[in-house]
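Below, chains carry the letters A, B, ... as their sequence lines are ordered, and counting in each starts from 1. The model shown is predicted, which means the values in this text are computed figures rather than measured ones. The basis for the numbers below is simple: all heavy atoms, side chains too, and nothing from hydrogens, waters or symmetry mates.
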Amino acid sequence: MANVATWTQPPSVVLDFAEKNFDPAAVERALYAWWEASGFFAPSLFRAPPEGEDARAPFVMMLPLPNVSGDLHLGHALGFGGYEDLMARWHRMRGEPTLWLPGSDHAGIIAQLVVEKELAKKGASRQGLSREEFLAEMWRWMDHYQPRIYEQLRRLGCSLDWTRLHFTMDPDMQRRVRIHFIRLFRSGHVYRADRIVHWCLTCQTTYSDLEAAHVERTDPLYRVRYPWAEPMPGGTPDLVVATTRPETIVADVAIAVHPADERWAALVGKEVLVPVAERRVPIIADDAVDPSFGTGALKVTPGHDQTDFEIGQRHGLPVITVIDRQGNMTPAAGVLAGPGRNAARAEMADRLRRSGLLLKEEPLVHSVGVHERCGTIDEPLVMKQWWMRMPPLAAPAIAAVRDGRIRIVPGKFEKVYFNWMENIRDWTISRQIWWGHSIPVWYCRDCDEVVVPDEDGPDPVRCTRCRSDDLVHDPDVLDTWFSSALWPHSTLGWPERTPDLDRFYPGSVLETGYDILFFWVARMIMMGLLNMGEVPFHTVYLHGLVRVGGEKMSKSRGNVTAPMEMVEEYGADALRFALVSGVSAGADQRFSEGRLQNARYFANKLWNVGRFVLRALTAADGGSLAVRADVRPSGELGDAERWILSRTEATVAEASRLLEAYLFGEYTALIQQFVWSELADVYLELAKPALRVPSHAAPALRTLAYVLDRVLRLAHPIMPFITETLALQLWRQAPPAAEVSSLVIAPWPAAGERDAALEDHFSLVVDVVRAIRHARQQAGVAPSVRVHAALAGDAKQLRSSAGAIAALTNTEIGFGEGEGAATVVRTVEVRVAVPRDQDQEHARLGRDLFEARSALARSRDLVARPGFAENAPSDVVARERARFEEREERVRLLEAELARGD
RNA sequence: GGGCUCGUAGUUCAGCGGUUAGAACGCGCGGUUCACAUCCGCGAAGUCGCUGGUUCGAUUCCAGCCGAGCCCACCA
């Protein structure tokens, strides 16, 4: 049951609490190495489930494969070190066997381009190498970058199970991709067809619709007259079309008009002559034409335009290809044949001009498709490619989200998902590059048969139809996303039914940026449903983009965006905290050095809270008191102790709630707020007096140890290194009753009992403290000077807290009448014996009274409003009534106070 | 053309049918308190984009408008 792996001792070089400031560099590497060596990141059951409960279901996440094309960027740091590791660590602490599976992606064209660029630096080129030589070059490069990326993941603290590391191009993965393709082929989900595709002249490959981007450009728009093929009756209008690509005129096969366009209705079926080509082509009617553009007549060029290709399909028109893969004009272009489509464009414009058919030339602002990888303008071409038939795969994937088997967080992305999936088009999966999964298809040179091997069969050597041995392997490779779509099941052993696949599929959460919802998430859902019959995860959490701007990240280096430099300078904990803090799901964020600095300050605050507690334990010889960090103190406790304990339990409950609701930004804010404003600013100050008296120190010591222990557990998912550093030292002095060797596998706390009345009472104490401090500052009394303060009005409730108020304000507290500056806190009169400025005080009390009266008026209106008492929930009514009474009392006190001053 | 989102303090952003609308940074003032100057204390600062509607009650829900942005799509 329990994992008794190879727990080694914690590293000896953990930072000692004698250090005033937390030094991440001193602990991070050693702690990570220890965690990893101890097997904490394996999906083991680290402790028996609680009495009467079954073992928890595993928590499974896949690392969104970073491309092996460079270093990690801030977006990776946010996803991996922020949300994902946070979830993994939290679930692990909750006792769920947690598998977070690492890997990387071969990144097809992106990686190939990078390596080609590297080659170019050395004066070499892909074309100068054989395919084998080039691939060897790719692998060399992989061998260099992969370990680098894995090291960076460790630096971020990611609790990945490195024993299950995968790479999309591992021979094993190649086999699974091959089987997947063969099955898709046999089931008809993939097919080979001549269709129009996006072609990149630079990269010399096709690409999918998703990889097409659009940019706005201004190009000349040519208006060209196409002469009628037959003499037409008088009054027949000229047929004029507008085009930005006159060089494709020679590939025109028709003119299309909108069916409802009355200008052209009578001429549908007539023919015109294509200029220069002198070919007769018909006028056809098709819905795709926008009658408001130009004359409403569209030249139809199925060989070089997406829309035209579809019109051609509908009307059975031929395809003429006049541009080749290099961008040169083919012999089919007739007189335009020859190198360079741009030269052909000029040539064509010239010829049209000379023949008087070019009526007009004007600039047009329009958007043109480009290859998003390199920015080259799309050259749509008709080519034989492999396609995946998407609508049948999309249907069950839509249903899975629709019926809640998968939930997307934040919910707005469900709409985006539906919008895309419901309009999905077939996916071109073949690419004309070398780096990638080869397509397991051979073609017979003798009879054109397509030969596909058996799933685990050898490469075919003979044609299955004509027995020829003249077979040629498809030279193309598969789109990168074809293999990553299988990731959640292929890494667990599919198609074999392995123990891992049984245990860890379906997984739990898929966390990634919203920008790859379609590229990856949607496709994983479709492939998971197809191959496994079950969704790959129940929740998709999408984060926004990290933008760096506005503020300078570093004076010396310009804008630092490399997360590793930030880890170096600020520590992984600070970077993780800064990235997650105050950001909501799916929202883009602006990252700044200020955020990072604040996170480091918070880490340091936590460090010093830890130091304070550890020193106190040492000084008091915690050993002899047998303090147990995980045991909530009971028995004789002061108000302050009972208050911070109650607040601690409240924080435990709230942190759990926020994490369950995927509200990570609020979770970090909660932790920071509690540690800084409540634990450090209030309770630590209150504990100091007690700690000075050894005989009275025990309750405070037990409380401090317990609260620190809770805080470290709560903060561990987002700040693993500093919390572990402190926990190891805390537990040495106050060993937990439930023995545990590391915070990584320590139980997530369950919220204990709260005392709501005491919490409320203490918030009054804090308000009174602030009022006294304010009075002292106003009067210019030095903090070291002890003064008197008197509490009156509704002050009885504060008797038990007089000591706390005194300690926090350096003031003697008395009850009843007093002298000095006066103020009213809620319903308590506060007089601080300091010199006062009568006029100033009078003015302030006047302002307070004005505010109190308007607040009272608001309360009165609300409580008396018709329908309020009947319609509002009873607890709201009760609260508003209480608030009304309190405000009445406050107004009365302020009036009395003012009257006294007069 | 279709879909989505955002507009809250000087800045970056949380929040939300009933709170005195919050945080961090920044700003002003004061502090050598033995955990922390990567600190402590006090303070100033918001008509929650505009206009209507729903509601006992709207910063929060709905509609329109103004402003900013994102995604999808076959604008010649």
Side-chain angles (χ1 to χ4, degrees), chain A residues 17 20-22 196 209-210 214 221 241-245 256 288-290 292-294 297-301 305-311 364 366-369 380 410 412-413 415-416 418-420 423 425 514-515 517-518 544-545 550-551 574 581-584 586-595 597-616 663 665-666 669 672-673 677 680-681 684-685 688 692 770 773-778 780 782-784 808-810 851-852 855 858 861-862 865-873 876-877 879-880 883 887:
Chain A
F17 62 85
K20 270 168 70 170
N21 295 323
F22 178 60
I196 195 152
D209 292 341
L210 277 179
H214 292 269
L221 179 71
V241 303
T243 180
T244 52
R245 301 199 62 188
V289 181
D290 173 5
S292 67
F293 189 92
L298 171 72
K299 76 189 212 42
V300 180
T301 321
D305 182 277
Q306 176 85 37
T307 310
D308 296 6
F309 180 82
E310 285 163 19
I311 294 174
L364 173 76
H366 64 155
S367 91
V368 298
K412 68 178 176 183
F413 285 109
K415 296 178 196 171
V416 177
F418 291 137
N419 190 250
W420 188 72
N423 297 294
R425 303 159 61 102
Y514 65 70
D515 52 332
L517 177 60
F518 307 143
L545 309 179
E551 255 176 90
S581 180
V583 176
S584 58
D588 292 350
Q589 65 169 299
R590 199 170 292 213
F591 195 71
S592 66
E593 182 156 35
R595 300 248 313 264
Q597 222 157 46
N598 173 252
R600 177 171 57 181
Y601 292 169
F602 175 58
N604 198 56
K605 190 71 184 178
L606 192 52
W607 174 247
N608 274 288
V609 168
R611 289 180 68 211
F612 178 85
V613 176
L614 291 166
R615 284 180 160 199
L663 296 170
E666 289 185 64
Q672 178 167 5
Q673 188 69 26
S677 306
D681 287 350
L684 253 49
E685 296 306 321
K688 281 175 183 175
R692 288 194 199 103
R770 183 161 299 134
R773 285 170 172 171
H774 181 59
R776 293 182 55 124
Q777 294 234 342
Q778 283 285 304
S784 53
L808 294 174
T809 55
N810 195 21
E851 263 174 43
R858 264 179 284 135
D861 288 352
L862 178 59
R865 192 159 45 201
F868 174 71
E870 299 86 75
N871 294 321
V876 172
V877 175
R879 190 179 43 197
E880 292 302 334
R883 188 173 290 159
R887 285 172 176 177

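- Nucleic acid contact class of A:Arg879 (heavy atoms, under 4.0 Å, all strands): sugar-phosphate only.
- Inter-residue side-chain proximity for A:Glu880 and A:Arg883 is flagged as met; some heavy-atom pair is nearer than 4.5 Å.
- Contact check, A:Arg770 against B:G41: no side-chain N or O comes under 4.0 Å of OP1 or OP2.
- In the set B:G31, B:C75, B:C56, the nucleotide with an atom closest to the side chain of A:Ser367 is B:C75.
- Rounded to an integer number of Å, the gap from CD of A:Glu310 to P of B:C75 is 10 Å.
- Of all heavy-atom pairs between A:Phe22 and A:Trp607, the closest is N-CD1, 3.4 Å.
- Contact check, A:Arg773 against B:C42: a side-chain N or O comes under 4.0 Å of OP1 or OP2.
- Across all strands, A:Leu862 comes closer than 4.0 Å to base atoms (heavy-atom distances).
- One can find a donor-acceptor pair under 3.5 Å joining the base of B:G41 and the side-chain atoms of A:Gln777.
- Comparing the C1' positions of B:G7 and B:G46 gives an interatomic distance of 14 Å, to the nearest angstrom.
- A:Ser584 has a side-chain polar atom (N or O) that falls below the 4.0 Å cut-off from OP1 or OP2 of B:A14.
- In terms of position along RNA chain B, the nucleotide closest to A:Asn871 lies nearer the 5' end than the nucleotide closest to the other residue of the pair A:Asn871 and A:Trp420.
- Taking the six-membered ring where tryptophan is involved, the planes of A:Tyr514 and A:Phe413 are essentially parallel, since the angle between them stays under 30° and well short of 60°.
- OP1 and OP2 of B:C72 both lie 4.0 Å or more from every side-chain N or O belonging to A:Lys415.
- Heavy atoms of A:Ala872 sit under 4.0 angstrom from at least one base atom.
- Comparing B:U20, B:G43, B:G31 by their closest approach to the side chain of A:His774 singles out B:G43.
- We find that CD of A:Glu870 is positioned 10 Å from P of B:C56, with the value rounded to whole Å.
- A:Asp681 comes within contact range of the sugar-phosphate backbone alone, with a heavy-atom separation under 4.0 Å but no base atom that close.
- Between A:Phe518 atom CZ and B:G3 atom C1' there is a gap of 10 Å when expressed in whole angstrom units.
- Here the separation of B:C42 from B:C48, taken at their P atoms, is 28 Å to the nearest Å.
- Within the 4.0 angstrom heavy-atom criterion, no nucleotide atom of any strand lies near A:Ala855.
- Closest to the side chain of A:Phe612, out of B:A35, B:G2, B:A24, is B:A35.
- Here the side chain of A:Leu210 is nearest to one of B:G57, B:U19, B:C72, namely B:C72.
- If you take atom C1' in B:U60 and the same atom in B:U8, they sit 11 Å apart, rounded to whole Å.
- In this structure, A:Val241 and A:Ala297 approach most closely via the heavy-atom pair CG1-O, 3.7 Å.
- Within 4.0 Å (heavy atoms only), A:Lys688 reaches at least one base atom of the nucleic acid.
- Nucleotides B:U12 and B:C6 have their C1' atoms positioned 15 Å apart, rounded to a whole Å.
- With both ends at atom C1', the span from B:A24 to B:A14 equals 10 Å, rounded to whole Å.
- Using a 4.5 Å heavy-atom cutoff, the side chains of A:Leu298 and A:Ile311 are in contact.
- When every heavy atom of A:Pro783 is checked against every heavy atom of A:Asn810, the shortest pair comes out as O-ND2, 2.9 Å.
- Using modelled atom types, no side-chain atom of A:Asn604 and backbone atom of A:Asn21 make a donor-acceptor pair closer than 3.5 Å.
- Of the P atoms belonging to B:C50 and B:G10, the separation is 14 Å, rounded to the nearest Å.
- When every heavy atom of A:Arg590 is checked against every heavy atom of A:Arg595, the shortest pair comes out as O-NH1, 3.0 Å.
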Encoded 5' to 3' (Watson-Crick or G-U under 3.5 Å; [ ] crossing; | other strand), RNA chain B becomes (((((((..((((....[...)))).(((((.......))))).....(((((..]....))))))))))))....
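- At the heavy-atom level, A:Ala680 lies under 4.0 Å from base atoms of the strands shown.
- In terms of phosphate contacts, A:Asn598 brings a side-chain nitrogen or oxygen within less than 4.0 Å of OP1 or OP2 of B:C25.
- Put simply, A:Arg692 has no side-chain N or O that comes within less than 4.0 Å of OP1 or OP2 on B:C34.
- Among the nucleotides B:G57, B:A76, B:C36, the one closest to the side chain of A:Asn608 is B:C36.
- Nearer to the 5' terminus of RNA chain B, by closest-nucleotide assignment, is the contact made by A:Glu685 (compared with the other of A:Glu685 and A:His214).
- Rounded to the nearest Å, the gap between the C1' atom of B:U59 and that of B:A21 is 8 Å.
- Contact annotation for A:Glu666: backbone-only contact, meaning every heavy-atom pair under 4.0 Å involves sugar-phosphate atoms and none involves a base.
- B:G22 and B:G15 have their P atoms separated by 15 Å, with the value rounded to a whole Å.
- Judged purely by atom type and a 3.5 angstrom limit, A:Asn608 uses its side chain to pair as donor or acceptor with the backbone of A:Lys20.
- Put simply, A:Arg776 has no side-chain N or O that comes within less than 4.0 Å of OP1 or OP2 on B:G31.
- Atom CD in A:Gln672 sits 10.5 Å away from atom CG in A:Leu606 (nearest 0.5 Å).
- Residue contacts for A:Gly665: at a heavy-atom cut-off of 4.0 Å it reaches no nucleic acid atom on any strand shown.
- Residue contacts shown for A:Leu684 include a base, since a base heavy atom lies under 4.0 Å away.
- Contact annotation for A:Lys605: base contact, defined as any heavy-atom pair under 4.0 Å involving a base atom.
- Atom CZ in A:Arg590 sits roughly 5 Å away from atom P in B:C13 (whole-Å rounding).
- The closest donor-acceptor contact from the side chain of A:Arg600 to the backbone of A:Ala574 lies at 3.5 Å or more, if one exists at all.
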